[in-house]
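Written below as structure tokens is the structure these notes are about.
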Protein chains: 2
Amino acid sequence: MPDQHPTLRAQRRADTQRTIQAHAVRLFTERGYDATTVADVAEAAGVSPMTVYRHFPTKEDLVLVDQHRELAAERVAAAPAGQPLVRRIGRALVESADVLTGDGDERFLLARLRLMISTPALRAKHLDSHYALQQAIVDALEPGGDTFHAQAAAGACLAAMHTALMRWAEDDGRTALPDLIAEALTAAFGPDAL
Amino acid sequence: MPDQHPTLRAQRRADTQRTIQAHAVRLFTERGYDATTVADVAEAAGVSPMTVYRHFPTKEDLVLVDQHRELAAERVAAAPAGQPLVRRIGRALVESADVLTGDGDERFLLARLRLMISTPALRAKHLDSHYALQQAIVDALEPGGDTFHAQAAAGACLAAMHTALMRWAEDDGRTALPDLIAEALTAAFGPDAL
DNA sequence: CCTCCGCATGTTAGTCACTACCAAGTCGGT
DNA sequence: ACCGACTTGGTAGTGACTAACATGCGGAGG
């Protein structure tokens with residue numbers, strides 16, 4: 001069997017990665033992010049500190065894993081080109097949020113979001129990842145030329161989505177995230193936004 | 001003279017602060033942010049590392065000093081209440097940018113902006129300071145009750161302003177910053193935004 | 001079944017941002 | 001001239017992160 005490649009090795013790797021992250025988020029929530037050292041996380045997960053750094057380049061990455069970027073960029077690229085920029089981006093964001101929250105790990109996502117809100121270092125890096133997402137969206141929209149309009153539109157849409165994310169975490173996920181994002185977009189851009 | 005309080009002591013303090021920051025921005029620009037240690041900055045400024053930390057709590061604060069927050073929040077609070085949220089916030093941002101760039105230290109501001117763009121750590125903290133600015137704007141707009149709409153509108157406006165800041169730095173300040181902000185706002189919210 | 005290659009992990013030593021804790025000098029007013 | 005507040009410097013420590021090298025297990029081939 002030459003192509004059963006994703007075998008035990010990759011499996012094990014993914015397992016330890018998940019284990020480390022789960023223990024990290026739990027400890028951060030219980031004791032606080034700053035009060036928890038990477039060594040604590042490693043001990044709880046039953047590995048050495050080095051192993052933690054091999055799987056997660058920085059302590060912040062234990063909380064921030066970006067599943068959003070490719071997903072949203074792909075949806076934006078697939079949107080019909082005839083619509084205004086804000087509508088194309090906005091709909092793509094609502095759709096990708098639909099996919100994200102349907103994955104089952106909603107509680108875990110909420111816990112991570114709460115950490116991002118309350119911890120300055122995590123909040124800052126999370127906002128920077130939104131900036132990277134903005135670039136990805138712009139690249140998907142206009143692969144060249146003057147991107148000023150696209151940059152502004154994408155940034156504004158993502159800021160609105162960020163407000164929706166914060167509210168979603170505050171409400172402990174009671175309201176559906178896509179609905180919240182749509183509400184934030186209409187709040188910022190008017191009733192014709194979507 | 002009991003009330004000549006802002007005397008030599010405060011003067012000296014402000015002087016060393018400016019000296020340290022000037023050397024820091026120069027060294028960061030010349031050698032790169034990560035390749036420059038706080039000890040390097042201290043030595044260049046002729047002080048001990050301790051003194052640097054007393055004036056600037058973190059290395060990032062050597063570049064990021066937020067003169068924007070109170071200024072913009074005050075302008076937002078002063079805006080007429082009859083207008084839509086985006087217009088009130090947008091005009092306040094354009095006005096405060098007008099004040100900021102008129103202060104004479106435009107080259108220094110540009111150098112700091114370029115550092116913020118190119119250095120991930122600085123970019124992240126800068127975006128987080130925009131998030132704090134967003135909160136200040138919302139507080140100035142709606143002191144209580146449901147702030148969801150204000151949050152979304154303020155965040156979107158600030159994201160548009162951020163795009164304008166990036167472009168301004170790229171253009172080396174050739175275009176007037178208030179004009180760029182206005183352009184970004186109309187790009188995101190349509191021609192009726194302002 | 002044995003062997004060799006590669007990958008995941010561990011250990012050590014080091015850099016650097018940052019933080020008390022304590023000592024010294026200096027400016028301000030009495 | 002003296003005293004209190006402020007500014008600075010030195011020392012020792014914590015914790016995130018890196019580089020270099022050693023180990024041990026999984027997965028191929030003979």
Side-chain angles (χ1 to χ4, degrees), chain A residues 1-21 23-25 27-28 31-64 115 119-125 128, chain B residues 1-21 23-25 27-28 31-65 115 119-126 128:
Chain A
M1 307 149 186
D3 214 4
Q4 200 191 350
H5 258 265
T7 359
L8 287 181
R9 202 114 88 177
Q11 185 71 22
R12 275 220 191 293
R13 181 170 176 81
D15 279 350
T16 54
Q17 193 153 334
R18 258 192 304 275
T19 303
I20 292 172
Q21 198 190 26
H23 282 282
V25 171
L27 288 179
F28 291 162
R31 310 184 195 169
Y33 179 80
D34 292 322
T36 308
T37 71
V38 176
D40 292 338
V41 174
E43 193 184 2
V47 297
S48 90
M50 278 303 311
T51 304
V52 176
Y53 284 119
R54 279 209 231 288
H55 287 270
F56 302 90
T58 73
K59 185 183 178 186
E60 288 122 3
D61 288 319
L62 285 165
V63 179
L64 309 162
L115 282 171
T119 309
L122 292 174
R123 197 177 51 217
K125 265 221 165 186
D128 193 49
Chain B
M1 308 151 183
D3 213 5
Q4 199 189 351
H5 258 266
T7 0
L8 287 182
R9 204 115 86 176
Q11 184 70 23
R12 274 219 191 294
R13 182 170 176 81
D15 280 350
T16 54
Q17 193 151 335
R18 259 193 303 275
T19 303
I20 292 172
Q21 199 190 26
H23 282 281
V25 171
L27 287 179
F28 291 162
R31 310 183 196 171
Y33 179 80
D34 292 322
T36 309
T37 70
V38 176
D40 292 339
V41 174
E43 193 184 1
V47 297
S48 89
M50 283 298 313
T51 304
V52 176
Y53 283 118
R54 283 216 226 296
H55 288 269
F56 302 91
T58 73
K59 187 183 176 185
E60 287 123 5
D61 289 318
L62 285 165
V63 178
L64 308 164
V65 256
L115 282 171
T119 309
L122 293 174
R123 196 177 51 216
K125 265 221 166 186
H126 180 235
D128 193 49

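In what follows, every chain begins at residue 1, and chains take the letters A, B, ... in the order their sequences are listed. Side chains are part of it too, since the values below use all heavy atoms of this structure and drop only hydrogens, waters and symmetry mates.
- Taking Thr37(A) as the reference, Asp40(A) meet the side-chain hydrogen bond (donor to acceptor under 3.5 Å, both in side chains) condition, with sequence neighbours excluded.
- For the pair Phe56(A) CZ and dA8(C) P, the interatomic distance rounds to 14 Å; values are reported in whole Å.
- Applying the side-chain hydrogen bond (donor to acceptor under 3.5 Å, both in side chains) criterion to Arg18(A), with sequence neighbours excluded, gives Asp15(A).
- In this structure, CG of Asp40(B) is placed 16 Å from C1' of dC18(C), rounded to the nearest angstrom.
- If you take CG of Asp34(A) and C1' of dT14(D), they are 13 Å apart, rounded to a whole angstrom.
- Ranking dT8(D), dA17(C), dC27(C) by closeness to the His55(B) side chain, first place goes to dT8(D).
- In this structure, Asp15(A) atom CG and dA8(C) atom C1' are separated by 13 Å, rounded to whole Å.
- Here dA5(D) presents its C1' atom at 16 Å from CZ of Arg12(B), a figure rounded to the nearest Å.
- Spacing between atom CG of Leu122(A) and atom C1' of dA16(D) amounts to 14 Å, rounded to whole angstrom units.
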Any protein N or O atoms within reach of nucleotides 17-22 of chain D? Criterion: under 3.5 Å, listing atom names and distances.
from	atom 1	to	atom 2	distance (Å)
dC17(D)	OP2	Lys59(A)	N	2.6

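- In this structure, the side-chain hydrogen bond (donor to acceptor under 3.5 Å, both in side chains) partners of Asp61(A), at least two apart in sequence or on a different chain, are Thr58(A).
- Here Ala42(A) pairs with Val47(A), Pro49(A), Val52(A) under the side chain to side chain contact (heavy atoms under 4.5 Å, CB included) rule; sequence neighbours left out.
- A donor-acceptor distance shorter than 3.5 angstrom exists from the side chain of Gln21(A) to the backbone of Leu62(A), with no hydrogens or angles considered.
- Across the protein-nucleic acid pair, Glu43(A) atom CD and dT11(C) atom P stand 13 Å apart, rounded to whole Å.
- For residues 32-65 of chain B, the pairs satisfying ring pair (Phe, Tyr, Trp, His ring centres under 6.0 Å) are Phe28(B)-Tyr33(B), with sequence neighbours left out.
- The side chain of Thr51(A) places no N or O atom within less than 4.0 Å of a non-bridging phosphate oxygen (OP1 or OP2) of dA8(C).
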